[in-house]
Amino acid sequence: GLRATVRLASGEDLAGGVKFAERAVQLEPQEFNHRLTLAQLQLTQSNFAAARAALEPLLAPDADSGVKSLAKSVIKQIEHREKTVKEAVP
């Protein structure tokens, strides 16, 4: 978790950060911060489908409302980036 967060914050070795975050999710699937970090790293790499997939469990009907709100915020970031990418392509 922490290594992935550091890589996200520094913008360096994003692929390595994704691997660390994926492993953190495997080890502690109940820890929502790992999924948020993974989704943000994937978003930074423009891997929108994977970012959405990482957030999906956080949007479940029985998920904590605060966690759901954080996940929805990242979904909005994904949507904004997707729109920006589509507009940039002629």
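The main-chain N or O of S65 is never found under 3.5 Å from a side-chain atom of S69 such that the two would form a donor-acceptor pair. In this structure a side-chain-to-backbone donor-acceptor pair under 3.5 Å is present from K68 to P61.
Remark: R35 does not engage E28 in a salt bridge, criterion side-chain N to carboxylate O under 4.0 Å.
Scanning all heavy atoms of the two residues, the minimum distance from R81 to S46 falls at NH2-OG, 3.0 Å. Of all heavy-atom pairs spanning A53 and P57, the tightest one is O-CD, 3.6 Å. Nearest heavy-atom pair across L55 and A71 is CD1-O, 3.9 Å.
Counting heavy atoms from C-beta outward, F32 and D64 have side chains that stay 4.5 Å or more apart. Between L70 and L58 there is no side-chain heavy-atom pair separated by less than 4.5 Å.
In this structure, E79 has no side chain to side chain donor-acceptor pair (under 3.5 Å) partners at least two apart in sequence or on a different chain. Legend: residues meeting side chain to side chain donor-acceptor pair (under 3.5 Å) with Q77, ordered by chain and number and at least two apart, are absent.
For the 3.5 Å distance criterion, the side chains of Q45 and N47 fail to qualify, holding no donor opposite an acceptor.
Between Q40 atom CD and T44 atom OG1 the span is 7.5 Å, to the nearest 0.5 Å.
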Dump the intermediate steps for side-chain contact (heavy atoms from CB on, under 4.5 Å) on L41 and F20, then the final yes or no.
CA-CA 10 Å; L41 284 160; F20 281 121; over 6 Å; no

Check the pair L59 / I75 against side-chain contact (heavy atoms from CB on, under 4.5 Å), numbers first and verdict last.
CA-CA 10 Å; L59 298 168; I75 291 287; 4.2 Å; yes

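Among K83, R52, Q42, the one residue that satisfies the side chain to side chain contact (heavy atoms under 4.5 Å, CB included) test with I78 is R52.
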